[in-house]
Amino acid sequence: MNIAILPGDGIGPEIVAEAVRVLEVLDLPYDSESALVGGAAYAAHGHPLPEATLKLAQSADAVLFGAVGDWKYDTLERSLRPEQAILGLRRHLQLFANFRPAICHPQLTHASSLKPELVAGLDILIVRELTGDIYFGQPRGRRVSPDGAFAGQPEAFDTMRYSRPEIERIAHVAFQAARKRNKRVTSVDKANVLETFQFWRDVVTEVHAQYPDVALDHLYVDNAAMQLVKAPKAFDVIVTGNMFGDILSDEAAMLTGSIGMLPSASLNAENRGLYEPSHGSAPDIAGKNIANPLATILSLAMMLRFSLNQPEAALRIEAAVTKVLESGLRTADIWSEGTQRVGTREMGSAVVAAVEAA
Ligand code: NAD
């Protein structure tokens, strides 16, 4: 098992370090190598995704990724911004399917901004298409001056597009995932306004014919955003495009109380993948030992399950996280009266101890 470790920026190095400590105590045979990515790579090598980092990721069975981005890079031209590293990795590794589970741990029900009865037992899966849509459409509005300003340019534009094979393969992924869960898929689109998403709806419906055991319904994205806060438990698997998935998965994340709890996996057709927490680099809390490392540790569990074929190790990690939450330890983002506030490092140590004890 070859694992590429790309900690990135902000809280990335702190939270990835805790996940690596958990990996180390699992006693699995693996090789790993770390590399710079994002703003850290731009600062050292002038590019957010240097050739060496890309090669390392391409040769690995799986990539453990922290997060990239910092406000200090906001004025850079778009192609050099830290966030381009993640888009580049998705494109080069052909990571077309993003899995973002939104699970409300029973111990954290109160941390949600919704009433406990709306979120208790919540377990939904958002399957987001990652390589098409408006984020990759051509042509794109161009910045014309080197300092990144629009310099009097009269307009800018981005183009939304999806091809039939792109929609078909993500629809298959969603229906297959639903078969292992509650056998319901909700496809989210904007078919009433956008041609691209009328096409999406038609193709998803065609693919559904191969999955008669799975129920399919369609929702417009504005309605889906409302239903997610009104009755989130009504969903099982949500499949949607790149942009709507970006937004809805963050909304679903907040239903669970903290974005610091939610892992994600981005997979290609061979199940090789990139695993990262759902949140960003949180520059506001970087270097303070207060970030929650659990989303990254749970991303490691997803890596062991999906790309490295170690389902028992994945279960061991997930059980350890549950045990630690049951013991009352909380980082600041999930802390509440009566629980014990701990830092990033202490939370990592507690999970390591629970894994070792299992
Ligand atoms: P963010 O997710 O970094 O932070 C949003 C809020 O959540 C902040 O208040 C932050 O302190 C908090 N938070 C995030 N992760 C946390 C954790 N593990 N523990 C406790 N609190 C946590 O989103 P943002 O502030 O919009 O973006 C910051 C930077 O991250 C930007 O440069 C953005 O482009 C980048 N970003 C990167 C990724 C990625 O690397 N995949 C994803 C999203 C945003």
Side-chain angles (χ1 to χ4, degrees), residues 4-16 34-54 56-58 63-100 126 128-143 146-150 156-160 241-251 253 259-260 262-266 268 273-286 291 295-296 299:
I5 297 175
L6 309 182
D9 307 320
I11 59 171
E14 296 168 68
I15 53 180
V16 167
S34 299
L36 295 176
V37 73
Y42 173 79
H45 304 295
H47 197 279
L49 184 58
E51 198 57 35
T53 302
L54 178 59
L56 178 69
Q58 282 173 320
V63 178
L64 183 62
F65 191 93
V68 289
D70 195 309
W71 303 307
K72 69 182 176 205
Y73 299 110
D74 278 358
T75 52
L76 281 179
E77 81 168 75
R78 193 163 301 279
S79 65
L80 294 177
R81 289 207 203 163
E83 293 79 2
Q84 290 301 316
I86 190 84
L87 296 180
L89 283 167
R90 284 175 189 161
R91 195 170 54 243
H92 286 288
L93 304 181
Q94 296 180 312
L95 306 174
F96 71 90
N98 181 234
F99 282 64
R100 282 184 51 169
I126 301 199
R128 167 187 169 196
E129 203 290 330
L130 268 191
T131 56
D133 207 344
I134 200 160
Y135 297 167
F136 290 100
Q138 297 291 334
R140 301 173 62 126
R142 297 238 178 271
R143 285 179 183 257
D147 67 0
F150 275 92
F157 53 88
D158 302 276
T159 315
M160 181 176 275
N242 205 345
M243 181 166 63
F244 299 154
D246 193 0
I247 300 163
L248 292 181
S249 53
D250 268 18
E251 186 188 355
I259 202 160
L262 295 174
S264 82
S266 302
N268 69 15
L274 182 143
Y275 297 82
E276 58 173 331
S278 295
H279 55 74
S281 56
D284 53 330
I285 58 167
T296 315
S299 300

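Nothing fancy with the numbering, it's 1 onward along the sequence. Computed over heavy atoms, backbone and side chain alike; hydrogens, waters and symmetry mates excluded.
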task = List the steps and the verdict of side-chain contact (heavy atoms from CB on, under 4.5 Å) for S266 and N98.
result = CA-CA 4 Å; S266 302; N98 181 234; 3.0 Å; yes
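- H279 has its side chain within reach of I15: a pair of non-hydrogen atoms, C-beta onward, lies under 4.5 Å apart.
- Under the side chain to side chain donor-acceptor pair (under 3.5 Å) criterion, E14 pairs with no residue at all, not counting sequence neighbours.
- Side chains of S249 and E251: no donor on one and acceptor on the other come within 3.5 Å.
- Among D70, L76, D74, the single residue meeting the side chain to side chain contact (heavy atoms under 4.5 Å, CB included) criterion with K72 is D70.
- Here the closest non-hydrogen pair linking R90 and E276 is NH2-OE2, 3.9 Å.
- L87 has its side chain within reach of F136: a pair of non-hydrogen atoms, C-beta onward, lies under 4.5 Å apart.
- Note that OG1 of T296 is 7.0 Å distant from CD1 of I11, once rounded to the nearest 0.5 Å.
- The line from NE2 of H92 to CG of L49 is 6.5 Å long, rounded to the nearest 0.5 Å.
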message = Let's go through Y135 and L130 carefully: what are the C-alpha distance in whole Å and the side-chain angles of both, what is the deciding distance for side-chain contact (heavy atoms from CB on, under 4.5 Å) to 0.1 Å, and is it a yes or a no?
response = CA-CA 9 Å; Y135 297 167; L130 268 191; over 6 Å; no
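- Surrounding CD of Q94 are at most 12 heavy atoms belonging to other residues, nucleotides or ligands under 6.0 Å away.
- The shortest heavy-atom contact between L95 and T131 is O-CG2, 3.3 Å.
- Among all heavy-atom pairs drawn from D9 and G39, the shortest one is OD2-N, 2.7 Å.
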request  = Assess whether side-chain contact (heavy atoms from CB on, under 4.5 Å) is satisfied between N242 and I134, documenting all intermediate values.
outcome  = CA-CA 8 Å; N242 205 345; I134 200 160; over 6 Å; no
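- Checked options L89, L64, L274; the residue passing with L6 is L89 (criterion: side chain to side chain contact (heavy atoms under 4.5 Å, CB included)).
- A pairwise comparison of heavy atoms in I259 and A253 identifies CG1-CB, 4.1 Å as the closest pair.
- D246 is linked by a salt bridge (charged side-chain N to carboxylate O under 4.0 Å, His left out) to R128, counting only residues two or more places apart in sequence or in another chain.
- A pairwise comparison of heavy atoms in A41 and P48 identifies CB-O, 3.7 Å as the closest pair.
- Counting all heavy atoms, side chain and backbone alike, S264 lies closest to R100 at CB-CG, 3.5 Å.
- A donor-acceptor pair is defined here as one N or O able to donate and one able to accept, closer than 3.5 Å; such a pair exists between the side chain of S281 and the backbone of G69.
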